[in-house]
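Take a look at the structure set out below.
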Amino acid sequence: MNLFKRFSQRLGFMILTLVVMSFLIFLLVEIMPGDVAQTVLGQSATPESLAALRESMGLNDPLMVRYGHWAGKFIRGDLGESLYMRGIQINTIFWRKVGHSIILALTALIFYVPLSLFFGVFAGVKAGKLPDSIISFFGLATMALPEFVSGIILITLFAIKIPLLPITSIIPIGETLWENLNILILPALSITLVMFGYVSRMQRSSMLTVMNSDYIRAAILKGMPRGYVIFRHALKNALLPTITIIGMNMGWLFGGLIVVETLFGFPGLGSLTLSAIKTRDVPLLEASVLFITFIFVVSTFITDMMYLFLNPRIRFKGSDS
Amino acid sequence: MKTILLHLKNNPLAILGIMILFLWIFAALFGPALLSYNYTEMDMEHQMTTPGEYGHLLGTDALGRDVFARIIYGSRSILTVALMTSLVSSIVGILIGFTAGYFGSLVDTFFLRAMDILMAIPPLVLSMVVLGILGDSSFLSLTLIVSIAFTPATARVARGALLSCKGSEYVDAARIRGESHFIIMFVEILPNTIGPIIVEITARFAYSIMMIASLGFLGVGLQPPTPDWGMMVIENKSIIRAASWTVLYPSLAIASLVIAVSLFSDFVSKVMIHEK
């Protein structure tokens, strides 16, 4: 029963967040300097044609009416028409780019989750010894780097010094991402370096906490093999907090994608968002930012639910909230 | 002070971090006066010179501008903006977080929910969109927008720090003496939460550098002719094969500064935990 209560609470909050954020994004774009009608028609437009366009685009309506209109279209899945690329429905380009970004994010996840869990556990088990110091320093250093700096270092090493991988991640015209999978490697590795430090640190500290708990000490003192205790008893409990951290960081990951995609010229949601800003493409910008928020909110919600489900103490008693 | 030195002795990485940080501060303060090139000066005869040739220590870019001079000048803007950002976001965070934690109940609930909602958009995306929309970022707009983007996080830390002291006897004593809420919050409680707050400010300084560099890279940071490390990277990325130094050295500058600050903030947090 408690599970259901928590579920509906979280769901309600998720919807509230989306509504508030969508309104904020709408407001933000509203204050953008420059006139939308002018942008569309160009500098040579006559005042009459500007006025006519404003009327037909509904720009003269009150703010709340326009928001309602925009949000309504959004919920029905109509993202509107791009301002910069005249006559192109955003839907026709948006979802392909979102797909690219999701594939890139998943590739990065496949790289960094096992790596950081493994080294985090390893550092936690060897706490205070040399391997721990090396892993901790490496993690601290890579975590601090902006994604484009680790990207440049990777490009210099694996695309210029050793010409293994492409410098840019552009998909040639007429081809799909699936025919060019090697363009994913360097961008995904750039994200991996940044996330590795963070996740492995979390894993190390939760491993330390578990290894110092009474039941693990009892198991070791009882004479059970250390490896067995680590894998059968400690890992189960030590992984839970890290899984939460990984889920909570999905939003951060998508923020990082903007930088990585710009560096490599990868055709995804991030580079699309940046170009929407540069070209002052209002509907495209609104769609992109709202979608990034959506991904973040949904992944937080799923993480929260997974945590509930994986933690028997909450699942059965529900006293932890 | 003595204990801090003792901690330093056992932490060679922290010494390294502090040394690099001081080197950059020195470069920002006195570097420009010692340079033989200006950051906008174009050496038309020596474009894309390799490092070390014709008196260009780190080479020149496609316009013949000295890479070393641009990096040294660039350290000024990134250090000042990052320092201001970490201070402003921490101060605003303390004001908001303390108010919420101190008054509790409805104020606190409203605060927590509002922060949760604001955190639904990554700080980088938020700053990028706002700065991009406003256009032509200045020192002031960059500092303010990044500070706002960081405030939900700093306010949460400040609130947590206040809550850990709120139940103490000295707070009750001050209340019974009839001190005002303002005095209790900022004269009684604040000095006792200074540890976690200093840790937060130094950690925030590292995030700020990372953020300012990324925003410069995305082209929404400080505008030319101010040399910006992040912008140098994206400007020259297309010539990375022919002149890798134009991209690699600014990247390494960012890397060295941000790692130095992280080592420093890691050290500060260890000392503060130990002090307790």
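A note on names: the letters A, B, ... follow the listed sequences, proteins ahead of strands, and every chain is numbered from 1.
- Proximity to chain A (any heavy atom under 4.5 Å) is shown, for B:L248, by both the backbone and the side chain.
- Environment of CZ in B:F139: crowded, with over 12 heavy atoms of neighbouring residues, nucleotides or ligands closer than 6.0 Å.
- Both the backbone and the side chain of A:T293 come within contact range of chain B, with heavy atoms under 4.5 Å apart.
- Crowding of A:F138 atom CZ: a count of heavy atoms from other residues, nucleotides or ligands under 6.0 Å not exceeding 12.
- Taking the side chain as every heavy atom from C-beta outward, A:I277 and B:I133 never approach each other to under 4.5 Å.
- Interface residue B:L218: backbone and side-chain heavy atoms are both found under 4.5 Å from chain A.
- Residues A:T273 and B:M128 form a side-chain contact, since some pair of their non-hydrogen atoms from C-beta on lies under 4.5 Å apart.
- Heavy-atom contacts from other residues, nucleotides or ligands closer than 6.0 Å to OH of B:Y207 number 12 or fewer.
- In this structure, no portion of A:F294 lies under 4.5 Å from any heavy atom of chain B.
- Heavy-atom pairs under 4.5 Å with chain A were tallied for B:S251, B:G219, B:S262; the largest tally goes to B:S251.
- The part of B:M119 that comes within reach of chain A is its backbone (N, CA, C, O), which places non-hydrogen atoms under 4.5 angstrom from that chain.
- The two residues A:M143 and B:M210 have their closest heavy-atom pair at O-CE, 3.9 Å.
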Verdict with supporting geometry, A:F13 and B:I117, side-chain contact (heavy atoms from CB on, under 4.5 Å) | CA-CA 9 Å; A:F13 186 67; B:I117 289 176; 4.0 Å; yes

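- Contact count versus chain B (heavy atoms, under 4.5 Å) is highest, among A:L18, A:L140, A:I153, for A:L140.
- B:V233 touches chain A through its side chain: at least one heavy atom from C-beta onward sits under 4.5 Å away, while N, CA, C and O do not.
- The closest side-chain heavy-atom distance from B:I254 to A:F148 is below 4.5 Å.
- For B:A206, no part sits under 4.5 Å from any heavy atom of chain A, backbone or side chain.
- B:I121 has its side chain out of reach of A:I292: every pair of non-hydrogen atoms, C-beta onward, lies at least 4.5 Å apart.
- Highest contact tally toward chain B, considering only A:L274, A:T142, A:L16, A:V20, is held by A:L274 [criterion: heavy-atom pairs under 4.5 Å].
- With a 4.5 Å cut-off on side-chain heavy atoms, A:V259 and B:L124 count as touching.
- Within a 6.0 Å sphere centred on CE of A:M14, other residues, nucleotides and ligands contribute more than 12 heavy atoms.
- How far CD1 of A:I152 is from CG of B:L252: 10.0 Å, rounded to the nearest 0.5 Å.
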Apply side-chain contact (heavy atoms from CB on, under 4.5 Å) to B:I259 and A:L145, showing your working.
-> CA-CA 7 Å; B:I259 290 175; A:L145 295 181; 4.1 Å; yes

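- Within the 4.5 Å cutoff, the side chain of B:L263 has heavy atoms near those of the A:F137 side chain.
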